[in-house]
Amino acid sequence: MFFTYLRRELRRRRKAALVVASGLALGIALVIVVNSVSSGMNQAQDKVLQSLYGLGTDMTVTKAAEAPKSGETGRPRFEFGAKDDGEEQSSDRVMVQGFQTLASSTVAKVAGQKGVADSVGGLSLQVMKVSGEFKRGQFKQGQSGGATRQGGPGGSGGQPQGQVEGGGASFDVNSYSVYGTDVAKQGLGPLTSSKVTKGRTFKTSEADAKVAVADTSYAKEKKLALGGTVKIKGVKYKLIGIATPDSGDAAANLYVPLKQAQTLAGAKNKITTVYVKATDSQQISAVKATIQKNISGTTVTTSADLADTVSGSLSTASDLAANVGKWLSIAVLVAAFLVAGLLTSSAVSRRVREFGTLKALGWKSGRVTRQVVGEAVVNGLVGGALGIAVGLAGAYAVTAISPTLTAELGSGAGGGARGGGMAMGGPGMRQSAGKTLDIALSAPVSATTITLAVGLAVAGGLIAGAFGGWRASRLRPADALRRVE
Amino acid sequence: MYQLRGVTKQYRRGKDTVDALAGVDLTIGDGDRLVIQGPTGGGKSTLLQMLGGLDRPTAGSIELDGVDLAKLPEARLTKFRAESIGFVFQSFNLIPTLNAQENVETALVPLGLKAADRRERAAQALNSVGLGERLGHLPSEMSGGQQQRVAIARALVKNPKVLLADEPTGNLDESMRDEIMDVLETMWKELGLTFIMVTHDSSIARRAPRLVTIRKGRITITENSKAV
Ligand SMILES: Nc1ncnc2c1ncn2[C@@H]1O[C@H](COP(=O)(O)OP(=O)(O)OP(=O)(O)O)[C@@H](O)[C@H]1O
Ligand SMILES: [Mg+2]
């Protein structure tokens, strides 16, 4: 009888059931979408962080920021001899990224700290290649507005009777990054976020070999071929492998053995960053504190710290999802639960005589309550199914549209060496300096999210059932004679 | 056999209390047919609720075969209603979403019968009130008289000791009223149960062998030797 009655009620009172169900569906759909978009955001942020750190790195150790001293070296400076007109010149300038280094021995010191599972040092370099020519300007009389103007100093104006024309420099500035990797310890560090898809990675014997691995997109751009050579500051390196990042951007354009990088930069026994893996991922902040206390002059940056420095639309959107989205879905859920409860309760009020009659016929109060709760739970499940369908559709739509979000890393963190129009990053956020990544947002729906949705549907049904059931349990058999309707 | 002693029922309405029954003493023998009449608000329905165990008196005792319904715990009272009482209401009180047969079955649900037995007995009961052809009809697909016959089948399907009817013809037009009265009287005669009916209809009252008139919660009993 329970199921017959239940089926009949739900079928014949479809509209009322649908109202309750769609309220719950709305709440549940919102939870699914917000949840999956949030996890999409997290994935996107993980991708951003991973492309900087490599897999498995819990934190990095860098030299503590110092106040930038004026007139100090570090600013890129190119020296070109005043050669003859029109002669092509070229100059490579190798700089340590962020201009601050730690001694190589720091790696061992870090490794000795409590809670550190593994650590490896690396040297990030920025190479700036400038090539081009100077031309002396020529003064021309009269002819305002006639001749084509070529850029360069003195090329503007036109107020006087003549102008300097054709002067200036046409230079190509070409900047790329080189990462010096510890070939003995390749399990940690930036290169782990890429897979060597062609050729091979470094051998442990190649600690000081003139070999290089190139990032796939850089190799394509520069038409570097496997087995060929690539020149850095005049030194030839044999290209032994092509690396493809798992996601996002690569950590560097070229990878060379650490010793080679140190030689290139004139930074013997120096590193920029120590990549650290903690023994327990729950203890990261404790490990951070230990390192910072015991090794002076260092800055320890955890993934969480770095995540805080992510700005741009990705961080705006993920803040939005975490705050507005969460509260909105909670509010809608609570409202849906309440509405479902009140509607169920008022439905019971309209059926006072019906339930009173059943009690007069000798139905136990519990049986009547069970019937009401059963109806509400089915409403909840229908709402859940509807909500899951709508939620999945919503999440699928987000993934299909995959809006692009940009993540700016460390921008605005200490401006020190940002002059000259070339964003070199401040001393604060070294390897992340001014990096901008485009990440396509997806909204993956996890099994946990679906389980949560089903749980919410049942909970919604039970809450509605509790309202209605409580009302029904208080009816008396004499209510069979009540004048309602 | 019913034995009512000093049955009082007070309803509280805000600060006021209404004496719906004010000390009713009444004895009803097994197999009796009793008609209750009186002005509106006199307490007829209240008395019927007391007899059927739908409610408890404020004071007094209602003994049925020596068991005081006023003192019976809730669970026992529910069981008593399920087993011994058939109730017919003025406005039929059928479950609108269940068909005729399922409505009759609801009376058998508390008795713990197997579904097949339940269906079988419900069909039989509907047959005996002349609705054998309409098992699958919804209340909304039947006339008032037919609905009331379904309600009578529902009241009788459990073979109750007592049949209580509160103005069973109150919502019906004249032709249907006679039809329902015929069904009820036939059933009473055939099944040998105690039949207590509230009515406004003086023509029905006139035919009753024993008439209880209730005014402001007090009863007067009229024996009618000329009853049919
Ligand atoms: N649940 C209740 N709460 C408060 N007062 C009630 C309740 N039920 C009945 N009453 C009051 O008790 C008195 C008797 O009511 P009852 O329903 O027994 O009268 P009745 O004789 O059946 O009247 P009618 O012919 O209109 O059906 C009336 O004054 C009524 O207003
Ligand atoms: Mg009445």
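- Rounding to the nearest 0.5 Å gives a distance of 12.0 Å between NZ of A:K364 and CD of B:E74.
- At least one side-chain heavy atom of A:L358 sits less than 4.5 Å from a side-chain heavy atom of B:I95.
- By the 4.5 Å heavy-atom criterion applied to side chains, A:Y5 and B:T97 are counted as neighbours.
- Heavy atoms closer than 4.5 Å to chain A are found in the side chain of B:L138, but not in its backbone.
- Listed for the B:R81 side chain is a donor-acceptor partner under 3.5 Å among the backbone atoms of A:K359.
- Closest heavy-atom contact between A:P477 and B:L54: CG-O, 3.4 Å.
- Among A:R12, A:R8, A:E354, the one residue that satisfies the side-chain contact (heavy atoms from CB on, under 4.5 Å) test with B:P96 is A:E354.
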Report task. Go through the steps to decide whether B:T78 and A:R367 satisfy the test side chain to side chain contact (heavy atoms under 4.5 Å, CB included), and finish with yes or no. Result -> CA-CA 12 Å; B:T78 303; A:R367 190 188 289 276; over 6 Å; no
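- When the shell of 6.0 Å around OH of A:Y396 is examined, it contains 12 or fewer heavy atoms from other residues, nucleotides or ligands.
- Of the two parts of A:R351, neither the backbone nor the side chain holds a non-hydrogen atom closer than 4.5 Å to a non-hydrogen atom of chain B.
- A:T357 OG1 to B:R154 CZ: the interatomic distance, rounded to the nearest 0.5 Å, is 6.0 Å.
- Closest heavy-atom contact between B:P110 and A:G362: CB-O, 3.3 Å.
- Put simply, of B:S45, B:G86, B:S91, B:A155, the one with the most heavy-atom pairs under 4.5 Å next to chain A is B:S91.
- With a threshold of 4.5 angstrom between heavy atoms, A:R13 approaches chain B through side-chain atoms but not through N, CA, C or O.
- Highest contact tally toward chain A, considering only B:D166, B:N99, B:N93, B:L98, is held by B:N93 [criterion: heavy-atom pairs under 4.5 Å].
- For B:D55, the part sitting under 4.5 Å from any heavy atom of chain A is the side chain, from C-beta outward, and nothing else.
- For chain A, the nearby parts of B:E102 are the backbone and the side chain; heavy atoms of each come within less than 4.5 Å.
- Nearest heavy-atom pair across A:L361 and B:K158 is O-NZ, 3.8 Å.
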